[in-house]
Amino acid sequence: MADYLKAGAVVWGISVQDVASKQKFAEKNHLNYPILADTSKSVSRAYGVLGSSGYAERVTFIINKKGRISTVDNAMRLALGSAGVVSTHGATLEEELSGTWHVSSGLPAPSFRLPAVDGKRTAECPAANARLTVVVLFSTTCPESIRAASKIASLAAANSTSGVQFVGVDPNWNETGSQVRAFTTQYGWNFPAAMDRSGHVTRALQAVATPEVWVIDRSGTVHYHGAVMGPDGAAPLADALAALAANNPITVADTRAVGCRLRMKRPRRGH
């Protein structure tokens, strides 16, 4: 908390229980930040986190100095360690405040759910019931994305029976759902592909180019980030997936994604 305050951050916890309940909770756990009682449920409803049970879901919103939501972390990502149950929500906030946030190997990735362009499925991360989720940021017109498309299809097919789910995300405002459907059909992508119209997912990933990939486990931790294919016939994504399948360490966990620049709309004020 001292580091957060030094960085100029204000931390609030909010839930729908009453003041007495929140005071008891804060005292029991020796919390040093305010806990707010959203008894009317208006804040939870406005942020879209009020669950069907009537309670707020566990979501962290990081709001920048301009009053815009810069990161939404809606994965529980709880792990049992020597100090007890640990969540990475704090790590997400710390990374962003430090100014070094980049979703690379060993760091938590943002969770998301986007409607797939086929109108039937959802592109989500972490993918339900998957051991690993491979997020592929791509463009239907970028030559590097086109060059990597068949390789991505073959890797998705080869790993489909080992608990690996590929999901595609197109970040570009000047491409359409029809183009994505045609692209995925042409190259045999049988996994969900979605448009990131708002750009929230792409910005949260701190993506730099298309194509760019992240291999993420079910806890939300990145194991590989970067290029699909490297120079001189290198295959870093395939090598990473093979290493993870064999429970071996990944030799090169981060590579430079080389491709086309992103064509994203600027976020509107207040978003």
Side-chain angles (χ1 to χ4, degrees), residues 1-79 84-99 101 103 107-115 122-128 169 194-206 216 218-221 264-271:
M1 182 53 62
D3 292 337
Y4 296 161
L5 293 175
K6 187 184 295 184
V10 176
V11 179
W12 288 341
I14 306 177
S15 78
V16 300
Q17 284 90 352
D18 60 24
V19 172
S21 170
K22 293 299 94 189
Q23 184 173 9
K24 183 178 179 181
F25 178 81
E27 291 175 351
K28 177 182 177 181
N29 294 282
H30 308 290
L31 302 186
N32 58 358
Y33 54 90
I35 305 293
L36 309 182
D38 180 27
T39 53
S40 68
K41 303 183 180 180
S42 58
V43 175
S44 300
R45 189 175 292 108
Y47 275 78
V49 298
L50 187 63
S52 58
S53 64
Y55 291 95
E57 298 171 354
R58 183 69 61 83
V59 180
T60 297
F61 294 89
I62 299 177
I63 301 170
N64 65 25
K65 64 178 66 177
K66 295 181 180 180
R68 298 175 181 173
I69 295 173
S70 61
T71 299
V72 180
D73 183 359
N74 58 9
M76 287 292 287
R77 300 195 193 118
L78 299 180
V85 177
V86 179
S87 168
T88 63
H89 290 292
T92 299
L93 175 56
E94 184 178 6
E95 296 270 356
E96 179 142 329
L97 288 175
S98 71
W101 174 256
V103 185
L107 296 180
S111 59
F112 62 84
R113 289 175 59 88
L114 295 171
T122 300
E124 62 180 359
C125 176
V169 177
M195 304 290 298
D196 183 22
R197 297 288 190 190
S198 67
H200 289 163
V201 171
T202 306
R203 291 187 181 92
L205 286 167
Q206 291 292 298
I216 302 162
R218 57 168 56 97
S219 75
T221 300
M264 299 165 58
K265 285 186 175 180
R266 293 177 179 268
R268 292 180 297 168
R269 184 174 298 277
H271 287 68

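Note that the numbering runs from 1 along the sequence shown for the chain.
Taking every heavy atom of both residues into account, G54 and V16 meet most closely at O-CG2, 3.7 Å. When all heavy atoms of E57 and G51 are compared, the pair lying nearest together is OE2-CA, 4.0 Å. The heavy-atom pair separating Q17 from S21 by the smallest distance is CB-OG, 3.6 Å.
From L205, atom CG reaches atom CG of D196 across 8.5 Å, with rounding to the nearest 0.5 Å. Between the OG1 atom in T202 and the NE2 atom in H200 there is a gap of 10.0 Å [rounded to 0.5 Å]. If you take CD on Q23 and CG on D18, they are separated by 10.5 Å, rounding to the nearest 0.5 Å. Separating the CH2 atom in W12 from the CD1 atom in I63 is a distance of 8.0 Å, to the nearest 0.5 Å. Taken from CG in D38 to NZ in K22, the straight-line distance is 11.0 Å, to the nearest 0.5 Å.
V49 places a side-chain heavy atom less than 4.5 Å from the side chain of F61. With contacts defined as side-chain heavy-atom distances shorter than 4.5 Å, the pair F112/V169 qualifies. Within the 4.5 Å cutoff, no side-chain heavy atoms of P110 are placed close to those of V201.
Pairs passing the ring pair (Phe, Tyr, Trp, His ring centres under 6.0 Å) check and including a residue from residues 16-37, sequence neighbours excluded, do not occur.
Partners of S52 under the side chain to side chain contact (heavy atoms under 4.5 Å, CB included) rule, at least two apart in sequence or in another chain, do not exist in this structure.
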